[in-house]
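Remarks on the structure that follows.
Below, chains carry the letters A, B, ... as their sequence lines are ordered, and counting in each starts from 1.
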2 protein chains.
Amino acid sequence: MANASPIDILKQNNLKHTKQRIRVLEDISANATAVSQPALEKKLGKEIDRVTLYRILNTYVEKGILHRIVDQNGTANYAICSSACSAEQHHDEHVHFNCTNCNKVFCLATKVPEINITEGFKAEAISLIAYGICKECSKTLTL
Amino acid sequence: MANASPIDILKQNNLKHTKQRIRVLEDISANATAVSQPALEKKLGKEIDRVTLYRILNTYVEKGILHRIVDQNGTANYAICSSACSAEQHHDEHVHFNCTNCNKVFCLATKVPEINITEGFKAEAISLIAYGICKECSKTLTL
DNA sequence: TTAAGTGCAAAATCTTTGCAAATGT
DNA sequence: ACATTTGCAAAGATTTTGCACTTAA
């Protein structure tokens, strides 16, 4: 249920499987944390044109293949969606953690709790990002 | 406790009260919702240089005078901090609502609930943004 | 074969930096 | 008078657009 191969994912979404698209999916799956756009550019910059990367990422988000998590700096981070996601109803209802030291974005197991939204407002999605120091950096930063 | 005048706020923070700084505070206070940077630029563009606006907003966020709420698009929105905020410990622990129709950002009365963060991660701040249709747009969008 | 996807060039934005002139205390 | 703040010019970064070439089906 969890780890479909890049090619499977592309097939399921009627997308041509080009080597650029496959590389992007491989790279993001390989990572335990969400990957920032700058990190992707740095990593794939020689294989994939910057513009193509923008287009691939947008396509993936539209199709519900990737989550886009925008952090406090306005930087986009991408993570593979769980199987529950689809292009129509895009549920990204787990908590994200953005380390203010290493800047990595983690998808936590914690689910976003029910929120009492003010009468009259209709919430369709909720983004909950915790900012602080991640597990790794906590160890290192023994100042 | 709530509505200090722009000049009072500047005095309290040892900032010179220039007409540009006062205009920014007036404009943001006048609004019930948070104000986006593009909206501020559009409104104040003839009175205040774009670069000056960046600097004023950054100063205000550093001093804890304004909250910066970054929405899904990476756009910064600004709202006056409650009295509980300070430059050192900056608590912005209420829920924000970003209307996907009019793009306005509302500060809701709802507080951010306690979250169980995964062992090892140290959360220092939490941003919770609900996306959907705001009160006003709900009325209008009777499609 | 042909529709979709990529790369390159270039435009449009957005954000930061440096410095001289203006302003508040 | 003096330290800050502003505005302008310019550099740097990010994101979008258009179009010819390439590639997967």
Counting only side-chain N and O atoms of A/Q20, is one of them less than 4.0 Å from OP1 or OP2 of D/dT23?
no
Rounded to whole Å, how long is the line connecting atom CD1 of B/I56 with atom C1' of C/dT23?
13 Å
Using whole Å, report how far CG of B/L10 lies from P of C/dG24.
12 Å
Nearest-angstrom distance from the residue atom CD of A/E41 to P of D/dA13:
12 Å
State, with a plain yes or no, whether a side-chain heavy atom of B/T18 is found less than 4.5 Å away from one of B/I22.
no
Figure out the OH/C1' separation between A/Y54 and D/dT17, and round it to whole Å.
13 Å
For DNA chain C, whose closest nucleotide is more 5', that of B/K19 or that of B/R55?
B/R55
Any side-chain heavy-atom pair of A/L15 and A/I65 under 4.5 Å
yes
Parallel, tilted or perpendicular: which one describes the rings of B/H94 and B/H67, with boundaries at 30° and 60°?
tilted
Take atom CG in A/N116; do more than 12 heavy atoms of anything else shown fall under 6.0 Å from it?
no
Can you check the A/N73 CG to C/dC14 P distance for me, whole Å?
18 Å
What is the distance from CG of B/D49 to P of C/dC19, rounded to the nearest Å?
18 Å
What is the distance from CG of A/L15 to P of C/dA3, rounded to the nearest Å?
18 Å
Using the closest heavy atom to pick a nucleotide of DNA chain C for each, name whichever of B/N58 or B/T18 lands nearer the 5' end.
B/N58
Under 4.0 Å: is that the gap between some side-chain N or O of A/H17 and OP1 or OP2 of D/dA25?
yes
Between atom CZ in B/R50 and atom C1' in D/dT5, what is the gap in whole Å?
19 Å
Let me know, please, whether B/T52 or B/K16 comes out on the 5' side of the other along DNA chain D by nearest nucleotide.
B/K16
